[in-house]
2 protein chains.
Amino acid sequence: MLDRKDFSTKANRFLAENNLEKLTQLLTEQHPADIAEFLQELDSEKQGIVFSLLDREKAALVLNELDASTISSLLDTLGAERIAEILDVMPTDDAADLLGEMSDLLKQRLLGLMELEDAQDVQELMEYKKDTAGGIMTTEYVAIREDITAERAIQVLRETAPDAETVYYVYVVNTKNQLVGVISLRELIVADPNTLIADIMHRNVIRVNVNDDQEEVARVVARYDFLAVPVVDDEGSLVGIVTVDDIIDVIHDEATEDIFRLSGTSELPADDGDIYHSVLVNVRSRLPWLIITMLGGLLAGRILKGIESQLSTVVALAFFIPILTGMGGNIGTQSSSLTVRGLATGHVDEGAFFQTIIRQAAAGLVMGVLIGTIVGLVAAWWQGKVMFGVVVGLALVGNMLTAATMGTLVPLIFRKLGVDPAVASAPFISTAIDITGLLIYSTLASLLLSYLV
Amino acid sequence: MLDRKDFSTKANRFLAENNLEKLTQLLTEQHPADIAEFLQELDSEKQGIVFSLLDREKAALVLNELDASTISSLLDTLGAERIAEILDVMPTDDAADLLGEMSDLLKQRLLGLMELEDAQDVQELMEYKKDTAGGIMTTEYVAIREDITAERAIQVLRETAPDAETVYYVYVVNTKNQLVGVISLRELIVADPNTLIADIMHRNVIRVNVNDDQEEVARVVARYDFLAVPVVDDEGSLVGIVTVDDIIDVIHDEATEDIFRLSGTSELPADDGDIYHSVLVNVRSRLPWLIITMLGGLLAGRILKGIESQLSTVVALAFFIPILTGMGGNIGTQSSSLTVRGLATGHVDEGAFFQTIIRQAAAGLVMGVLIGTIVGLVAAWWQGKVMFGVVVGLALVGNMLTAATMGTLVPLIFRKLGVDPAVASAPFISTAIDITGLLIYSTLASLLLSYLV
């Protein structure tokens, strides 16, 4: 296998020379991920030529790595029959993911062209929600019955293993197909050929339910360092397995989703790069939160309009508006990011609701008193009035305490309500805090105005 | 194996009844991750009792999952000799990580008590930087020479495999220990016993360098769906492997680090929960960025003090300060989060520097014109002066364009300079944008003041 840059250079040369024999050989040795990357850089005619050179197994692996636009262009060039043939040899979970992104018409057409058994498996998988264990599992696993001997089990494996995505774990089921045990390939091989599987298997297998959220599945796999985890339905029947390579994708996508949400960039199809390439998609994903910020900003303006006379009497009150909103926004963003990530990693326990809030509020108070004192002193010095410094300082303490509390409270409440806590994004939190901060500030300024002039 | 809650209940009961026989049996069947969790809830005396019941292999797996405080309490209770014995059977990468967190004195003492060969392996591993391939690799892999037969290879594996962390891939080296090929266990077993390994192995193995950053290693493993990747030194000699379970930890830790940095929460030991439990640690991690925000806020105040006369003439100028800083901060945070995550996931190409900035600036301009027009109209209406609306609207457009550009530019520049782009955090970006935004606003207000009164 070549380095992916060398591969691309060589493949392009063979393609230009129309040396399909050498190109075929080159493709045989290269990893599907690299071939997919190479294909995506070609025009649709050349895509068709190169893709036709792949054998069916390799074609399936490459197809799984391609983006939607390349797949639809291959469909046009090669025809649905050829694609359906490839879908037949693909792991069922990958085939279901692929078909899931196509139009209903095309999906039905391709399913109709696939072999009946494969089509049924794929159709069943497509019925699970995308972000559940059912949505990411494959139905190609190795399972044996508990009432057979080790010798017979090895024979069964020889017959079924080529189809299975992973053979590191062999799952054991009873007559009702319920998951009752697990055994490693190595244990099976060293066992006495006549032993019953039931006597050598490990019982009480760690499993996930088919409706469990994919984040929960990822947590189980990460916790136990599994290469795969079995998936059961509500009756305890084995319906699939989730493999570690899919878990890596889940962890990646969930982190990206959290980071985007926290910064106030809305929902996007996971791992879709469009937001980086289309100005329109970019604007559309960000605008909703910006409009909320705008409305919040106008409300903030309205609050300041309410103390117009105080502001015109003591113009210096305006000087400290940016520091007030800035500190509040930043403390709020810190708190909400910490809380959202803490909930995702398990460091923040939903049960310890009040404890978490009190700790974060305490941190906010400590930081508020520290920063409030410094800025208050500067304000008193600039204006030559102690009371002015007191107003600015107190407003900062109040604002930072509220900010730390709200930044922690809001994600926790969202979690309790079943909403993704990452929706408590920077724009949302900092706008809310701007408003409460200015309310505190304008109230203090109004009450203590006589001391300020 | 029991569910972890049932296990904990049962184990506690056996412990209370002093039924060590049943407890030992229970421990034998349970996963090390669960035993570690259980241990951490006990007092140090009980920790010692339970830990002593584990056999050495299990003890090593449990030790690897424990937090620093439990380990140090076990050291006190059981003595360094017993811990050194356990370190001997631990995978070398885990032992190196564990020792890496101890004081130099304790580290030297434990290394001295370990078996010479293990101690040397561990010491070598500790010399690699923590976040490189060398820092996360294990030296326990399966390697065979290219000039032996398949039959002999299987024999070698039987002798060495119990020590190896993973046997899914068998690496092939030449007489200089340079990595020259790879072969799967299955291929080895089905091969003619007399074939030379050199004739059946795959050449050009994908590998990482021992000094590669762990993020790069994670990208390779994720791209190719590997269960392990070989690590070579500058001479191409095989020095270790990185397994997928360690990659999952890397992906987790890097995402947490990015989220914390983006929100302006400084460096912390990866996966350490202290920030959630100690108010002091929490304040210390956040204060540096808040002090920068404070200094920025004071500078913003200074800028507004510069247009004191304009502000006292047209008080309404103050009303729009929060919306100006709010919009700028949020656009900036969105842009920097998108860019930082894009660099991490590979969606943003460092090479396409100018293209990326122009696209993000274009998005900023579109959003700026949209929001600027709306807010400008509101401002004109409130104040009853068209020109006032123009000043506010133009300031917003300028601010949002600058914000989108800076939010993209700063992480890209940091990456070029070899600094983690996530240091371009929300507090940093939004403070910088507050200042430029207010400079634009106050310049416009000064220039056009005659039209505002």
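Any value given below was found using the heavy atoms of this structure, including those in side chains, with hydrogens, waters and symmetry copies removed. Every chain is numbered from 1 and lettered A, B, ... according to where its sequence line falls, protein lines coming before strand lines.
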Cut-off 3.5 Å, no hydrogens considered: what does the side-chain donor-acceptor table look like for residues 316-324 of chain A, sequence neighbours left out?
none

* Structure fact -> Here the gap from A:L370 atom CG to B:L290 atom CG, rounded to the nearest 0.5 Å, amounts to 10.0 Å
* Spacing of A:I251 atom CD1 and B:I247 atom CD1 [to the nearest 0.5 Å] -> 11.0 Å
* Between B:D434, B:T325, B:I371, the one whose heavy-atom pairs under 4.5 Å with chain A are most numerous -> B:I371
* Value rounded to 0.5 Å, distance of CD in A:Q334 from CG in B:L287 -> 9.0 Å
* **Heavy-atom pair of closest approach, residues B:R223 and A:E65** => O-OE2, 4.4 Å
* Where on A:L396 is there a heavy atom nearer than 4.5 Å to chain B: the side chain, the backbone, both, or neither? -> neither
* What closest approach, in Å, do A:S312 and B:V315 show between heavy atoms, and which atom pair accounts for it? -> CB-CG2, 3.4 Å
* To do: With a 4.5 Å cut-off on heavy-atom pairs, point out which of B:A255, B:S430, B:G326, B:G437 contacts chain A the most.
  => B:A255
* Asked: Stepwise, does the side-chain contact (heavy atoms from CB on, under 4.5 Å) test hold for B:F226 with A:D245?
  -> CA-CA 8 Å; B:F226 283 157; A:D245 54 314; over 6 Å; no
* **Between CD1 on residue A:I291 and CE on residue B:M327, distance to nearest 0.5 Å** => 8.5 Å
* To do: Report yes if some heavy atom in the side chain of A:R286 is under 4.5 Å from a heavy atom in the side chain of B:I331; otherwise report no.
  => yes
* **Segment of B:T356 engaging chain A (4.5 angstrom heavy-atom cut-off)** => neither
* Asked: Between B:T333 and chain A, which part of the residue has a heavy atom less than 4.5 Å away: side chain, backbone, both or neither?
  -> both
* Can you tell me how far the CG atom of B:N282 sits from the CD atom of A:Q360, to the nearest 0.5 Å? -> 4.5 Å
* Main-chain N/O of A:I259 paired to B:R341 side chain as donor or acceptor, under 3.5 Å -> no
* Region of B:I303 that comes under 4.5 Å of a non-hydrogen atom in chain A -> neither
* Structure fact -> For A:W382 and B:L298, the nearest pair of non-hydrogen atoms, with its separation, is CH2-O, 3.5 Å
* Structure fact -> Cut-off 4.5 Å, heavy atoms of chain A, and the answer for B:E254 is neither
* **Atom pair CG/CD1 of A:N330 and B:I429 - distance to nearest 0.5 Å** => 11.5 Å
* Of the backbone (N, CA, C, O) and the side chain (C-beta and beyond), which part of A:V366 lies under 4.5 Å from a heavy atom of chain B, both, or neither? -> side chain
* Asked: If you tally heavy-atom pairs under 4.5 Å against chain A, which of B:A362, B:G301, B:A300, B:G296 wins?
  -> B:G301
* Structure fact -> Pair count under 4.5 Å, heavy atoms only, with chain B: among A:V283, A:V244, A:T313, A:D258, highest is A:V283
* Choice from B:R302, B:Q355, B:H202 maximising heavy atom contacts with chain A below 4.5 Å -> B:R302
* Asked: What part of B:E37 is in contact with chain A, defined as an atom under 4.5 angstrom from a non-hydrogen atom: side chain, backbone, both or neither?
  -> side chain
* Give, as side chain, backbone, both or neither, the part of B:T293 having an atom under 4.5 angstrom from any heavy atom of chain A. => both
